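A quick write-up on the structure given underneath.
The structure presented is a predicted model; accordingly, all values stated were derived computationally and were not measured. Computed over heavy atoms, backbone and side chain alike; hydrogens, waters and symmetry mates excluded. For ligands, and for the atoms within them, numbers begin at 1 and follow the listed sequence. Just so you know, residue 1 is the first one in the sequence shown, and it goes up from there.
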Amino acid sequence: MIYADNAATTKMSEAAIRTMTKTMNEVWGNPSSLYSHGQRAKEILEQAREDVAGIIGAEPREIFFTSGGSEADNQAIRSAAALGKRQGKMHIISTAFEHHAVLHTLEALKKEGFEITLVDVHENGIVVPSEIEEAIRDDTCLVTVMFANNEIGTIQPIREIGAICRAKGVLFHTDAVQAIGHVPVNVKVDNIDLLSSSAHKFHGPKGVGFLYAKKGIRLTNLIEGGAQESGKRAGTENVPGIAAMAEALKEESSQMMQNAAHLTAMRDRLIAGLSEIPHSALNGDAVKRLPGNVNFCFEGIEGESLLLLLDDKGICASSGSACTSGSLDPSHVLLAIGRVHDVAHGSIRLSIGEDITEAEVDYIIKSVKEVVEYLRGFSPIWRDLMTGKKEFIL
Ligand SMILES: *Cc1c(COP(=O)(O)O)cnc(C)c1O
């Protein structure tokens with residue numbers, strides 16, 4: 001099997017699994033308990049906090065462990081909104097291609113009276129900082145823009161956006177779930193106030209993540225209860241998961257440059273190969289994108305059929321289109337970069353992992369070429385395009 005869906009989730013690293021099982025076996029006490037067995041769990045928890053903080057340029061007390069990226073996104077945005085509301089600032093700026101954990105939280109806030117402005121992400125899938133600046137108003141309480149997009153992999157000018165927000169006194173949140181462990185992120189250098197991350201996107205376990213909140217920013221509780229996480233996130237901490245997350249992040253960070261170099265070479269080989277398919281197009285900027293992300297549109301086919309046939313060939317990929325509910329709505333990300341419905345439907349995301357080989361990349365290229373040609377063979381849309389009844393867009 002060739003696993004090319006690392007943007008959906010990653011395999012846990014061996015070191016992370018070892019740390020997790022060791023913690024479960026040996027240090028299973030409650031970190032809030034005062035006897036030494038509990039305090040050992042507390043030490044593991046605080047060591048993980050220190051490790052995670054160090055890697056992103058934060059202080060340990062600025063790290064709050066959560067159940068993952070979605071929770072961190074919800075808490076970051078809800079916190080900034082609550083702070084804004086108290087000052088009568090109820091305007092939030094974001095983009096149309098954020099993860100649903102952000103977009104749905106913003107929709108909920110809209111129902112509570114907030115006004116949301118979504119800035120353009122343009123054809124290349126990249127926000128223009130000056131357009132954020134122009135959108136900022138006196139009543140803007142938050143700008144939230146993702147670090148790297150989870151479908152098309154485009155990397156945003158976070159440092160510039162952060163600098164603008166700092167200058168204007170507006171809080172800046174970034175969903176960095178796809179970036180952490182893969183590209184350099186430093187909350188100080190990048191002018192970030194709030195940041196979300198999730199362990200299972202960097203070879204850690206599922207169901208654990210963290211929220212970075214710059215000191216002085218008062219968080220709103222999503223979960224009420226005990227005084228864990230400085231009273232900002234109740235519930236007994238997932239100590240084994242948190243320890244494994246820190247282990248995975250240390251490992252990924254130490255190998256980041258080598259991994260990125262290899263992935264970029266493999267990514268560009270994949271892009272070059274798939275570009276040979278007629279009436280196809282890469283989605284998102286070719287350069288300013290995650291080292292492991294490839295996202296293509298092929299005219300005249302359905303992404304879902306493509307995926308199923310690739311699965312038969314042992315390749316795990318994902319389509320940007322159609323959510324699991326079986327709805328046929330194309331990806332909101334592809335629509336945001338201006339792809340029309342028909343074209344957006346024929347999309348595929350290949351998010352490759354660090355251990356991919358050149359031979360595997362070549363096998364993917366060969367397989368996608370075969371499957372696209374096969375599907376076009378009996379696609380009514382393709383026939384219309386070939387007979388001139390419909391015009392090619394790509
Ligand atoms: C995966 C992902 C999330 C959600 O993280 P979970 O830990 O699965 O809740 C949020 N944002 C982005 C960009 C993601 O890729």
List every atom of ligand 1 that sits less than 4.0 Å from any heavy atom of [X], numbering the atoms from 1 in the order shown and giving each element.
X	answer
H200	6 (P), 7 (O), 8 (O)
S70	4 (C), 5 (O), 6 (P), 9 (O)
K201	1 (C), 2 (C), 3 (C), 14 (C), 15 (O)
M146	13 (C)
G68	7 (O)
D73	10 (C), 11 (N)

Query raised in the report: Within a radius of less than 6.0 Å around NZ of K214, do more than 12 heavy atoms belonging to other residues, nucleotides or ligands occur?
Result: no
Query - Other residues, nucleotides, ligands: >12 heavy atoms within 6.0 Å of K188 NZ - result: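 For K188, atom NZ is crowded (more than 12 foreign heavy atoms under 6.0 Å).
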Query raised in the report: Do S196 and D175 have side-chain atoms, one donor and one acceptor, less than 3.5 Å apart?
Result: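 Not at all, the side chains of S196 and D175 share no donor-acceptor pair under 3.5 Å.
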Query raised in the report: Can a donor-acceptor pair be found between the side chains of E98 and T95 at a distance below 3.5 Å?
Result: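 Checked: E98/T95 side chains pair up, N/O donor to acceptor below 3.5 Å.
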Considering non-hydrogen atoms of the protein only, which is the closest contact for [atom], and what is the distance?
atom	result
atom 11 (N) of ligand 1	D175 OD2, 2.6 Å
atom 3 (C) of ligand 1	H99 NE2, 3.4 Å
atom 7 (O) of ligand 1	S198 OG, 2.6 Å

**Report entry** Pairwise distance OH(Y212) to CG(D193) - rounded to 0.5 angstrom
**Finding:** 6.5 Å
**Report entry** Single-linkage hydrophobic cluster I132~M146, side-chain heavy atoms < 4.5 angstrom
**Finding:**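 Yes: a chain of side-chain contacts under 4.5 Å links I132 to M146.
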Query - N or O contact, Q178 vs ligand 1, cut-off under 3.5 Å - result: yes
**Report entry** Sidechain-backbone polar pair: S33 side chain, G38 backbone, donor-acceptor under 3.5 Å
**Finding:**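 Not confirmed, S33 side chain does not pair with G38 backbone.
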Query raised in the report: Side chain of H279, backbone of L394: donor and acceptor closer than 3.5 Å?
Result: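 It does hold such a pair.
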Report summary line: atom 5 (O) of ligand 1: of A199, A176, A179, G69, the nearest heavy atom sits on G69
